[in-house]
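Convention: sequence-line order gives letters A, B, ...; per-chain numbering from 1.
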Amino acid sequence: MEYSPKNIESKWQKIWDDEKAFKAGTDYTKPKYYALVEFPYPSGQGLHVGHPRPYTALDIVARKRRMQGYNVLYPMGWDAFGLPTENYAIKNHIHPKLVTEKNVAHFKNQLHAIGYSFDWDREINTTDPRYYHWTQWIFLKLFKAGLAYKSSMPINFCPSCKVGLANEEVVGGKCERCGAEVVRKVKSQWMLKITEYAQKLIDGLEDVDYVERVKVSQKNWIGRSEGAEVDFKLSGKEESLRVYTTRPDTLFGATYMVISPEHPIIEKYAAEITNLDDIKKYQEEASKKSEFERTELVKDKTGVILGGINAINPVNGKEIPIWISDYVLMTYGTGAIMAVPAHDDRDWDFAKKFDLPIIEVVGGSTVPVTEAAFTDVQTGVLCNSEFLNGLEVKEAKKKIIDWLEEKGIGTRKVNYKLRDWVFSRQRYWGEPIPIIHCPKCGYVPLKEEELPLLLPEVDSYEPTDNGESPIAAMRNWVEVACPCCGGKAERETDTMPQWAGSSWYFLRYIDPLNDSAFASKEAIDYWMPVDWYNGGMEHTTLHLLYSRFWHKFLYDQGYVSSKEPYMKRTSHGMILGEGGIKMSKSRGNVINPDDIIAEYGADTLRTYEMFIGAFEESASWSENGVKGCRRFLDRVFKLNDIVVEGDAYSKELEIKMHQTIKKVSEDFENLKFNTAIAAMMALVNDFYKIGKITKGELKTFLVLLNPVAPHITEEMWEMNGFDGRLYKTSWPAYEEAKTVEDSVEIAVQVNGKTRTTIIISRTASKDEAIAAAKEAIADRLAGQTIIKEICVPGKIVNIVAK
RNA sequence: GCGGAUGUGGCGGAAUGGCAGACGCAGCAGACUCAAAAUCUGCCGGGGGUGACUUCGUGAGGGUUCGAGUCCCUCCAUCCGCACCA
């Protein structure tokens, strides 16, 4: 009989649905396993060939875990708020809700056709009011805890999307989504104090099993640094200028200071500044530059001196000038620095340009500090620094900070690059922020009983030109009575960013229909944390960081019982087009998974995506590779023709069977799906080589292949009259003792070069092995003196001879 | 500039410090066929040899080791992050 995936696949998909085969149980006494993949944004383009890679990988894990007796939760849902849907709605005058519904239906059909073992009873959608009820609820908790605040500050604004962006959404100075140049705009925005969790987000990484590159990126993004804040007295004034430095040891080399153009001291002493016009001009230029232009690889430093005001270096009492330059950012540290040109590249550049003194205070450089800054902290020794002279950098840091603290002019300080999360968008298609602005009472949270605050219907979804959300025009929605004083008040018209819904969705899956809480305590205690979460590297500093932050907050509030949401995080590589180029519409090389399923079947698609290469690395698509996997499944199906009776493994293949069970079991755990499949291909080759397969062998083989190719294996299980359903079977066991052959082929080397191989008993002693090896290469050893004999049992014998 | 990764046949890719190239693709030869496709069998890194064999070979150069694709040092190339964070 011919292998016909079309019939087989729809047949089994229906059976699995009818039997609720993959429903996560509520028997909380069973061991649980929570496998999670990032839920997709249901775009109009439908499923991309990149989606099935991670979904199949964890589907394999989930199916294997079920067969190992776990109560498995492997859910799927829709991260459906977002700009593309809204833009499509604007263009076509369709309600985004309808667009979303249509796209979700399409996505769901596509995913269904691939045969994933998702528990569809737990499907969630971030745009569903029953879902965003709890997104808003968490926001209120954040607000009440003082972690959500409104702030007027320069933000990254995309003039094309007409929306403010979080720092994480700005890539190379451009809008992550549309690619337009981002400009700086001062706006009043809701912010979340993720910075308050900076240290916890770093510390938590110690307790989880994430791939190293994810940990490293998160740590770099949070950007912890240790140093000191130091006060520099302004000459002739009581006030001081506070700086942050990681090199307090170089304080004696601070020959000038630099402040950011936005630094408040400029306004404060405007009257005393002698060159105010120049400064105003400089400020204006700086404000016009986008954040990107300001921080772009600027070789040429710009700046202007703050005329009429000087500072005093606290360690030596010397009067030093203050400069203004946009290489100092108001948003980091104190917005002011002490400049040590001898030991900082940027200060060195600036000093060279404006001819400022360079004083060496750390010796050990091979070139004089007039040639280049010496920034090495490992080898340097302090000089020209009075009581610090002769100390190594590390000791000097400690000593100077102690000294500063004692004198009350400085203090130890840790800083982070991480900035607070810009949490409001002037857009329609997002969760309304449940806050009412009362002129008397300020920002008043909506009562929790009033949630969800529904997104109102509007005529136009387009953001207004003055940068307000389209819902701002809905006056009857906006104008409300203050819940606090009853007076006239207005609702917040900004909505939440796309990242809100995904920051806690893994908690909703565990109890998706609960109307009285985001999830019951019992369910949370049972299911959390997620055991294995796979997702894209591109979310490392976005979704992954945000959701860890929210989860840690919920933990601190007592709503969840684990400090970290995800125990294990892995990341898949991208799938590129043929020839290693990115798939894109403009190149016309986009592969639609539907076409692959139609031509080769879902099992082939699944097998190919797992066989394509190392899971964590990017791989390029190859139609011939797909064909190869189909050929493999054809050969699998044709095993039906050579099945013979017998539950036992045949003598020829017994060891091979045990080896393959071991290999596949281990490889599935370690993301090595490609080699697991290779091992199964090799086993199939062996079945054909000996011309038969026993029923016992076939049973085991089908179970091993099932997680990868669930339809064909389930069909063959039935065809061969095996008991019940394959998906209800147990994962096969192997005996370690039977994974090794009685006799082994070992290499015989002379001076490290393999000369021949011999077959000896696995239990042969070293002496026996060496004796046998010597005999095999006796002619080569003739006339030589044996210096050394090395034997690694089961591997090699190496004779060192002269 | 900083951080991370990668570099192995014609291609995708395998190899706890122990026979480099598993498995797949492509290619070549043969079987089947009127023929083609599909399928099956065999070969398939380079040089040398009719041959059993031999020699070179994992980006380059050094080193450690009886033995290195794998460990260490230096360099080159490519990709991905971050980027004036004091």
Peer 1: Spell out yes or no: do the side chain of Glu212(A) and the base of rG4(B) have one donor N/O and one acceptor N/O closer than 3.5 Å?
Peer 2: no
Peer 1: Could you check which of rA86(B), rC66(B), rC19(B) has an atom nearest any side-chain atom of Tyr332(A)?
Peer 2: rA86(B)
Peer 1: Could you walk me through whether Phe701(A) and Val684(A) pass the side chain to side chain contact (heavy atoms under 4.5 Å, CB included) test, one step at a time?
Peer 2: CA-CA 9 Å; Phe701(A) 175 75; Val684(A) 168; 3.4 Å; yes
Peer 1: Given rC80(B), is OP1 or OP2 found less than 4.0 Å from the side-chain N or O atoms of Arg213(A)?
Peer 2: no
Peer 1: Using the P atom as the point on both nucleotides, what is the distance between rG17(B) and rG12(B), in whole Å?
Peer 2: 25 Å
Peer 1: Quick one: on RNA chain B, does Tyr688(A) or Gln749(A) contact a more 5' nucleotide (nearest heavy atom)?
Peer 2: Gln749(A)
Peer 1: Could you work out which one of rA86(B), rC23(B), rC19(B) sits closest to the side chain of Ile337(A)?
Peer 2: rA86(B)
Peer 1: Students often mix this up, so state it plainly: with edges at 30° and 60°, are the rings of Phe673(A) and Phe668(A) parallel, tilted or perpendicular?
Peer 2: tilted
Peer 1: What is the pairing partner of rU74(B), taking Watson-Crick or G-U wobble pairs with both distances under 3.5 Å in any strand?
Peer 2: rA60(B)
Peer 1: Out of rG18(B), rC25(B), rA15(B), which nucleotide sits closest to the side chain of Asn624(A)?
Peer 2: rC25(B)
Peer 1: Any chance the rings of Tyr608(A) and Tyr600(A) have centres within less than 6.0 Å?
Peer 2: no
Peer 1: Examine rA86(B): is either OP1 or OP2 under 4.0 Å from a nitrogen or oxygen in the side chain of Tyr327(A)? Give yes or no.
Peer 2: no
Peer 1: When you check the side-chain N and O atoms of Ser225(A) and Asn415(A), is any donor under 3.5 Å from an acceptor?
Peer 2: no
Peer 1: Students often get this wrong, so: under 4.0 angstrom with heavy atoms, is Gly628(A) touching a base, only sugar-phosphate, or nothing?
Peer 2: sugar-phosphate
Peer 1: With a 4.0 Å limit, can you tell me whether Lys301(A) has a side-chain N or O closer than that to the phosphate oxygens OP1/OP2 of rA86(B)?
Peer 2: no
Peer 1: Quick one: label Val800(A) by what it contacts on the DNA or RNA (base, sugar-phosphate, nothing), any heavy atom closer than 4.0 Å.
Peer 2: sugar-phosphate
Peer 1: Specify the separation, in whole Å, of atom CE of Met680(A) and atom P of rA22(B).
Peer 2: 19 Å
Peer 1: Can you tell me which nucleotide in rA22(B), rA15(B), rU54(B) comes closest to the side chain of Arg755(A)?
Peer 2: rU54(B)
Peer 1: Starting from C1' on rG24(B), measure out to NZ on Lys672(A) and report it in whole angstrom.
Peer 2: 17 Å
Peer 1: What nucleic acid atoms does Thr756(A) come within less than 4.0 Å of, heavy atoms only: base, sugar-phosphate, or nothing?
Peer 2: nothing
Peer 1: Do Ser4(A) and Glu2(A) have side-chain N/O donor and acceptor atoms under 3.5 Å apart?
Peer 2: no
Peer 1: Would you say Arg631(A) places a side-chain N or O within less than 4.0 Å of OP1 or OP2 belonging to rA26(B)?
Peer 2: yes
Peer 1: On RNA chain B, does the nearest nucleotide to Ala619(A) precede the nearest nucleotide to Gly752(A) from the 5' side, or the other way round? Give the residue.
Peer 2: Ala619(A)
Peer 1: Tell me whether the OP1 or OP2 atom of rG81(B) has a side-chain N or O from Lys219(A) closer than 4.0 Å.
Peer 2: no
Peer 1: With heavy atoms under 4.0 Å as the rule, sort Asp345(A) into base, sugar-phosphate or nothing.
Peer 2: nothing
Peer 1: Which way is the base of rG63(B) turned, syn or anti, if we draw the line at 90° from 0?
Peer 2: anti
Peer 1: Just one of Arg213(A), Glu212(A), Lys219(A) clears the side-chain contact (heavy atoms from CB on, under 4.5 Å) bar with Val216(A), so which one?
Peer 2: Glu212(A)
Peer 1: At less than 4.0 Å, is any side-chain N or O atom of Asn674(A) found next to OP1 or OP2 of rA14(B)? Yes or no.
Peer 2: yes
Peer 1: Quick one: Phe632(A) CZ to rC40(B) P, roughly how many Å, whole number?
Peer 2: 13 Å
Peer 1: In the strands shown, is rC43(B) matched to any nucleotide by a Watson-Crick or G-U wobble pair with both distances under 3.5 Å, and which?
Peer 2: rG27(B)
Peer 1: Expressed in angstrom and rounded to an integer, what is the separation of Trp221(A) atom CH2 from rC80(B) atom C1'?
Peer 2: 15 Å
Peer 1: Looking at every strand, decide which applies to Lys753(A) at a 4.0 Å heavy-atom threshold: base, sugar-phosphate, or nothing.
Peer 2: sugar-phosphate
Peer 1: Between rA5(B) atom P and Asn220(A) atom CG, what is the distance in whole Å?
Peer 2: 12 Å
Peer 1: Give a yes/no on whether any side-chain N or O of Ser217(A) is located under 4.0 angstrom from OP1 or OP2 of rG3(B).
Peer 2: no
Peer 1: Would you say Asn798(A) places a side-chain N or O within less than 4.0 Å of OP1 or OP2 belonging to rU65(B)?
Peer 2: no
Peer 1: Given atom NZ of Lys795(A) and atom P of rU65(B), what is their separation to the nearest angstrom?
Peer 2: 23 Å
Peer 1: Measure from CG on Asp349(A) to P on rA83(B) and round the result to the nearest Å.
Peer 2: 20 Å
Peer 1: Is the shortest side-chain N/O distance from Arg635(A) to OP1 or OP2 of rC40(B) below 4.0 Å?
Peer 2: yes
Peer 1: Considering the options Thr334(A), Ile337(A), Ile266(A), Val328(A), which one meets the side-chain contact (heavy atoms from CB on, under 4.5 Å) requirement together with Ile259(A)?
Peer 2: Ile266(A)
Peer 1: Let me know the distance between CE of Met537(A) and P of rC82(B), rounded to the nearest Å.
Peer 2: 10 Å
